[in-house]
Amino acid sequence: MKKIVIIGGGASGLHLATRLGRHFNSTRMFGLKRKAPSAQITLVDKNRTHIWKPLIYQVATGTLDTSMDALNYQIHASSNGYEFQLGSLQSLDRKRQILTLGAVLNDKGCELIPPRELEYDYLVICVGSISDDSNTQGVREHCIPLDSIEQAHKFHKQLLDYFLCLETHPDRTLQIAIIGGGCTGVELSAELMAASRQVSQYGRIRTGAIDITLVEAEPQLLPGLPARLGNSAARELSKMGVRILTNCHIETASANSLTTDDGKEIPAAIRAWVTRVKAPEFLTQLDGLFTNQLNQIEVKTTLQSKNDPHVFAIGDCASCIDGNKRRVPSRALAAQQMAKLCSTNLIALIEKKSLGHFYYRDRGSLVSLSTNTAVGNLRGSFVRRNLTLEGRIASLAYHSLYQMHLAAIHGWPKAILLYLLSQANRAVNPGLKLH
């Protein structure tokens, strides 16, 4: 029996484990007879639960409750034909095809599970990305990135603490700076403005008590997308009351402010750093795997590492030039497409068939601007030409992306049921988590 180990339970890793588990273990799951060779699928993640990463900004603002929306890996694994192990990749021995997982500790630092080794025939690394602070002075000490659920909870706790201060000092203003005008920065800004309106209904916090500054180094917001989308996002955010600074480079960060390269000071009690991303640095130390300047593992069009056919990489941590000689962007859509081909190629390897090559298909981009509005464009097979969307229609299209993610890991019947349950919960529960 071949052993496939997947490191990282983000959207691409979870999608991959689900597809492979269902394929190779359908006999055990559904009582069907299969002639295809079997394989043992193991998913490894440092967290016990999964939240779709594009929704992390909602966790930070308190508009998404992880206790209700998180997926438990252990439970999902048992019903989808794969195994789950809690841990994080510590080292790799490619010659012996063995990886080492670090010890699992509790909140007090006590060891719950000692370091352990896992054998593999095929290894898939999909650990995502982290914010690139470019070694800017003070950022690591005084700014909060939003790369993980833990960081989102930290941001949310700070937000609640300052809300309490506003309750007792209603004349004060909470100043928040968001560095990075990409998708996360724009969505976080809009969601914070919506949260500020909601929190004013629950206590003595006045409307307009939150002052948000969004800082972007490029000439426009959403710099990786068409200029029209960036201009539309800027226009909508300005209407909400967000202060937008473009062509603005942060030189240093302190406990109470940010300083630009031209010496201007931006006061901010809370500072979120959500600029461009890079892969985690530990990938550069994995037994000689080829990586680029952004720490991404360099892969061929089959998604195999350039110097080890037994190691695959997908998602934001992979550097790939696709079959059309185009660089694949670090986007959720690309990660999802990679997961699909990676599962096909792993099945092909085990069943001794030829491998496919990756071709990225750009379906467009959608950016949420809080509850009922969004901006974006659709392209490719969805429409005959590039179609720009704004407002309610764009918002519906944006939320459909999450439903497609749920369908990929649960199937459409359960995805529809989860959607109906979430709508019911939103109808009976407060729109903002204040604990």
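Numbers for residues simply follow the sequence, beginning at 1.
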Cut-off 3.5 Å, side chains only: do Asn47 and Thr49 have a donor facing an acceptor? no
Euclidean distance, Gln58 CD relative to Thr66 OG1, rounded to 0.5 Å: 12.0 Å
Test: Arg94 and Asp308 ion pair at under 4.0 Å: yes
For a 4.5 angstrom cut-off between non-hydrogen side-chain atoms, does Leu192 reach Ile210? no
Non-hydrogen side-chain atoms of Cys143 and Asp133 separated by less than 4.5 Å: no
Decide yes or no on side chain to side chain contact (heavy atoms under 4.5 Å, CB included) for Leu146 and Trp273, but give the supporting numbers first. CA-CA 7 Å; Leu146 293 182; Trp273 190 272; over 6 Å; no
Is the CZ atom of Arg243 crowded by more than 12 outside heavy atoms at less than 6.0 Å? no
Any side-chain heavy-atom pair of Leu64 and Ile56 under 4.5 Å: no
Phe84: which residues meet the ring pair (Phe, Tyr, Trp, His ring centres under 6.0 Å) condition with it, sequence neighbours left out? Tyr73
Taking atom NZ of Lys300 as the centre, does the number of heavy atoms from other residues, nucleotides or ligands within less than 6.0 Å exceed 12? yes
Could you check Ser131 against Arg276 for side-chain hydrogen bond (donor to acceptor under 3.5 Å, both in side chains), going step by step and ending with a plain yes or no? CA-CA 6 Å; Ser131 297; Arg276 70 170 188 165; over 6 Å; no
At what distance, to the nearest 0.5 angstrom, does CD1 of Ile176 lie from OG of Ser189? 9.0 Å
Apply the test side-chain hydrogen bond (donor to acceptor under 3.5 Å, both in side chains) to residues Thr61 and Thr63: give CA-CA distance (whole Å), side-chain angles for both, the deciding distance (0.1 Å), then the verdict. CA-CA 6 Å; Thr61 57; Thr63 54; 3.1 Å; yes
As an exercise, state the distance from CZ of Phe290 to CD of Gln296, rounded to the nearest 0.5 Å. 16.0 Å
Near Glu117 CD, under 6.0 Å, is it more than 12 heavy atoms from other residues, nucleotides or ligands? yes
Check whether any side-chain heavy atom of Phe24 lies under 4.5 Å from a side-chain heavy atom of Ile347, and answer yes or no. yes
Would His153 and Gln158 count as a side-chain hydrogen bond (donor to acceptor under 3.5 Å, both in side chains) here? Give the steps. CA-CA 9 Å; His153 284 313; Gln158 281 197 15; over 6 Å; no
Under 4.5 Å between any side-chain heavy atoms of Tyr120 and Ile98, yes or no? no
Is there a side-chain contact between Tyr82 and Leu16 in this structure, where contact means two heavy atoms from C-beta onward sitting under 4.5 Å apart? no
From the list Ile41, Val124, Leu43, side chain to side chain contact (heavy atoms under 4.5 Å, CB included) partner of Leu20 resolves to Ile41
Check this for me: Gln293, atom CD, are more than 12 non-hydrogen atoms of other residues, nucleotides or ligands nearer than 6.0 Å? no
Out of curiosity, Ile178 CD1 to Arg271 CZ, how far, rounded to the nearest 0.5 Å? 12.5 Å
For Cys320 and Val299, the nearest pair of non-hydrogen atoms, with its separation, is CB-CG2, 3.6 Å
For Leu294, is there any backbone N or O sitting under 3.5 Å from a side-chain donor or acceptor partner on Asn292? yes
Which heavy atom of Thr42 sits nearest a heavy atom of Gln85, and at what distance? CG2-CG, 4.1 Å
By side chain to side chain donor-acceptor pair (under 3.5 Å), which residues pair with Ser91, not counting sequence neighbours? Thr100
Does atom OH (Tyr419) have a neighbourhood of more than 12 heavy atoms from anything else shown, all under 6.0 Å? no
For Leu221 and Ala233, the nearest pair of non-hydrogen atoms, with its separation, is CD1-C, 4.4 Å
Residues two or more places apart in sequence or in another chain: which of them pass side chain to side chain donor-acceptor pair (under 3.5 Å) with Thr213? none
Under 3.5 Å donor-acceptor pairs involving side-chain atoms of residues 403-415, not counting sequence neighbours:
residue, atom, partner, partner atom, Å
His405, NE2, His50, NE2, 3.1

Hey, is the main chain of Gly138 close enough, under 3.5 Å, to the side chain of Arg140 for a donor-acceptor pair? no
So, Asp316 side chain and Gly128 main chain: donor-acceptor pair closer than 3.5 Å or not? no
Given 3.5 Å as the limit, does a donor-acceptor pair link the side chain of His249 with the main chain of Asp261, or not? no
Lys/Arg N to Asp/Glu carboxylate O, Asp362 vs Arg331, below 4.0 Å: yes
Counting heavy atoms not belonging to Arg116, are there more than 12 under 6.0 Å from its CZ? yes
To the nearest 0.5 Å, what is the distance between NZ (Lys306) and CD (Glu298)? 4.5 Å
Before you tell me yes or no, could you show the steps for Asp262 and Thr260 under side-chain hydrogen bond (donor to acceptor under 3.5 Å, both in side chains), namely the whole-Å CA-CA distance, both residues' side-chain angles and the distance that decides it to 0.1 Å? CA-CA 5 Å; Asp262 58 0; Thr260 65; 2.3 Å; yes
Nearest 0.5 angstrom please: Leu289 CG to Thr284 OG1, how far? 10.5 Å
Taking atom types as modelled, is there a side-chain donor on Gln151 or His156 under 3.5 Å from an acceptor on the other? no
Looking at side-chain heavy atoms only, is the closest gap between Ile7 and Cys126 below 4.5 Å? no
Just grab all the side-chain hydrogen bond (donor to acceptor under 3.5 Å, both in side chains) pairs involving residues 336-349, residues at least two apart or on different chains. Arg19-Ser343
For Glu111, is the CD atom crowded, meaning more than 12 foreign heavy atoms sit under 6.0 Å from it? yes
Could you check Leu222 against Val367 for side chain to side chain contact (heavy atoms under 4.5 Å, CB included), going step by step and ending with a plain yes or no? CA-CA 9 Å; Leu222 306 175; Val367 180; 4.0 Å; yes
Short side-chain to backbone donor-acceptor contact, Glu187 and Ser368, under 3.5 Å: yes
Using a 4.5 Å cut-off on heavy atoms from C-beta on, say whether the side chain of Leu214 contacts that of Leu245. no
Donor-acceptor contact present, side-chain Asp322 to main-chain Tyr360, <3.5 Å: yes
What closest approach, in Å, do Leu89 and Leu99 show between heavy atoms, and which atom pair accounts for it? CD1-CB, 3.8 Å
Please report the shortest heavy-atom distance between Cys342 and Ile314, naming the atom on each side. CB-CG2, 4.0 Å
Glu251/Thr136 under side chain to side chain contact (heavy atoms under 4.5 Å, CB included): CA gap, chis, key distance, verdict: CA-CA 6 Å; Glu251 189 75 17; Thr136 304; 6.0 Å; no
Closest non-hydrogen contact found for Pro280 with Asn295 is O-CB, 3.6 Å
Could you note down all residue pairs passing salt bridge (charged side-chain N to carboxylate O under 4.0 Å, His left out) where residues 146-155 supplies at least one of them, sequence neighbours left out? none
